[in-house]
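What follows is one structure encoded as structure tokens, with my remarks underneath.
Every chain is numbered from 1 and lettered A, B, ... according to where its sequence line falls, protein lines coming before strand lines.
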Amino acid sequence: MGKPEVPSPQRIVDSIQTPDPWRLSKLLAATRILAREFYARPTVEVAQALLGCVIRRGATAGMIVETEAYIGQGDRAAHFWRGMTPRTEVIFGPPGHAYVYFIYGMHDCFNVVTEADGVPGAVLIRAVEPLTGMAEMSRRRYGIGVTKKSARGLTNGPAKLADALAITRADNGCRLDRGPLTIRAWREPRQFEIGVTRRIGITHCADLPLRFVWKGNPFLSKPFPND
DNA sequence: CCGCGGATCTTCT
DNA sequence: GAAGATCCGCGGA
């Protein structure tokens, strides 16, 4: 005669299991905000160094597991390959700022600006592993915190994670070392292998090895071959 | 699991 | 005026 078990929203969503559930306070204590200098390096270097880092917005956070580099030298897939336009202005600005663009009439995608001030370069964040606030992320994406959908689908794509972390064009040009949207590194760095592949969803320069993934992580937008 | 088509609108030619 | 750094649902294996 027990009452039917009705798990709380947080329970249901979390029970879909991320391997590593974090409380926000604990997460903040275990990480520190990346300084602007971190981003003032070659784009490919930053793209790899960002793997394992944590994007935080309010009570929601996810760990970066997949990135793509968009570089200045003859990269026709980069939005800025022809030079500066109103849209790509922030990519030519100081490093450590957000570049958020709108695509296919409905999605926002989140990039980090790299290289020295005046030199274009950006890293597209393609997937994160949810760490905290999954019910809230689920509400942002599905309009409901209780869902039977797999946790994998919550943030395993550039537009999905932007949605889950409420990143929009309003964040375009904002700095990432302060303010409501920040990127943090673990004080005790995680150990993992980095896989390299061609970038996804582009037509030009599709062969360049500029996509970087946390090898074997289940939250990739597309699995690493042989995983 | 995989491939296909539709949705939808900003940006630059 | 066309393409685009995507996602989702659907149908089939």
Side-chain angles (χ1 to χ4, degrees), chain A residues 16 39 43-44 46-48 50-51 55 62 64-93 97-115 120-130 137-144 147-173 176 183 195-214 216-227:
Chain A
I16 306 172
Y39 306 96
T43 306
V44 168
V46 178
Q48 299 184 56
L50 278 172
L51 292 175
I55 305 175
I64 300 171
V65 297
E66 175 176 340
T67 61
E68 278 179 0
Y70 288 83
I71 60 181
Q73 302 290 322
D75 183 4
R76 224 187 135 187
H79 287 166
F80 53 87
W81 73 280
R82 266 190 196 273
M84 190 164 21
T85 66
R87 178 176 66 159
T88 60
E89 194 180 337
V90 309
I91 306 177
F92 289 79
H97 289 234
Y99 165 55
V100 184
Y101 66 90
F102 187 59
I103 190 66
Y104 294 122
M106 54 192 96
H107 301 300
D108 288 307
C109 294
F110 174 50
N111 293 250
V112 170
V113 175
T114 59
E115 308 278 355
V123 174
L124 171 67
I125 310 300
R126 284 196 57 89
V128 305
E129 172 179 330
M137 291 194 274
S138 178
R139 274 195 297 276
R140 289 177 183 143
R141 262 182 50 62
Y142 307 124
I144 183 170
T147 171
K148 290 183 174 161
K149 293 176 190 289
S150 139
R152 271 181 77 220
L154 197 55
T155 55
N156 67 337
K160 294 181 183 179
L161 72 90
D163 206 1
L165 293 169
I167 300 172
T168 70
R169 281 162 289 169
D171 297 298
N172 190 46
L176 297 167
I183 303 186
V196 185
T197 75
R198 26 174 48 162
R199 293 172 293 182
I200 293 179
I202 56 174
T203 53
H204 299 293
C205 300
D207 290 338
L208 298 180
L210 293 175
R211 171 173 174 253
F212 306 98
V213 303
W214 175 318
N217 188 285
F219 291 89
L220 301 182
S221 69
K222 184 181 166 197
F224 189 77
N226 249 342
D227 252 3

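Remark: C/dA13 base-pairs with no nucleotide in the shown strands. Criterion, Watson-Crick or G-U wobble with two distances under 3.5 Å. The partner of C/dT6, taking Watson-Crick or G-U wobble pairs whose two distances both stay under 3.5 Å, is B/dA7.
One interatomic measurement links the two molecules: CG of A/D75 to P of C/dA5, which rounds to 11 Å at whole-angstrom precision. Regarding A/M106, its CE atom lies at a distance of 13 Å from the C1' atom of C/dG9, rounded to whole Å. Rounded to an integer number of Å, the gap from A/L161 CG to C/dT6 P is 12 Å. Rounded to an integer number of Å, the gap from CD of A/E68 to C1' of C/dT6 is 12 Å. Between A/F212 atom CZ and C/dA5 atom C1' there is a gap of 15 Å when expressed in whole angstrom units. Between A/L124 atom CG and C/dG4 atom P the separation is 16 Å, expressed in whole Å. Distance CZ (A/R211) to P (C/dT6): 11 Å, rounded to an integer number of Å. Look at CZ on A/R82: it is 12 Å from P on C/dG4, rounded to the nearest Å.
Stacking between A/Y70 and C/dA5 is shown: the ring centroid lies under 5.5 Å from the centre of the six-membered base ring, and the planes differ by under 30°.
The phosphate of C/dC8 (OP1 or OP2) has a side-chain N or O of A/R141 nearer than 4.0 angstrom. For C/dA5, the OP1/OP2 oxygens have a side-chain nitrogen or oxygen of A/H79 closer than 4.0 Å.
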Taking only distance into account, with no hydrogens and no angle test, what donor-acceptor pairs under 3.5 Å do side-chain atoms of residues 158-169 of chain A form with protein atoms, sequence neighbours excluded?
from	atom 1	to	atom 2	distance (Å)
A/K160	NZ	A/N156	OD1	2.8
A/T168	OG1	A/A170	N	3.1
A/R169	NE	A/D108	OD1	3.1

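In this structure, A/I202 and A/K160 both approach DNA chain C, and ranking their closest nucleotides by distance from the 5' end singles out A/I202. Ranked by how close their nearest DNA chain B nucleotide is to the 5' end, A/H107 and A/R169 are led by A/H107. For the pair A/T203 and A/G153, both in contact range of DNA chain C, the more 5′-proximal nearest nucleotide belongs to A/T203.
Within 4.0 Å (heavy atoms only), A/R199 reaches no atom of the nucleic acid at all. Here A/Y104 lies in heavy-atom contact (under 4.0 Å) with a base. Among the atoms of the strands shown, only primed sugar atoms or phosphate atoms (P, OP1, OP2) are found under 4.0 Å from some heavy atom of A/A159.
Contact footprint of chain A on DNA chain B: nucleotides with an atom under 4.0 Å from a non-hydrogen protein atom, first to last in 5' to 3' order, B/dA7 to B/dT13.
In this structure, the side chains of A/W214 and A/I64 stay at 4.5 Å or more apart for every pair of heavy atoms. The shortest distance between side-chain heavy atoms of A/C205 and A/R199 falls below 4.5 Å. Using a 4.5 Å heavy-atom cutoff, the side chains of A/L50 and A/Y39 are in contact.
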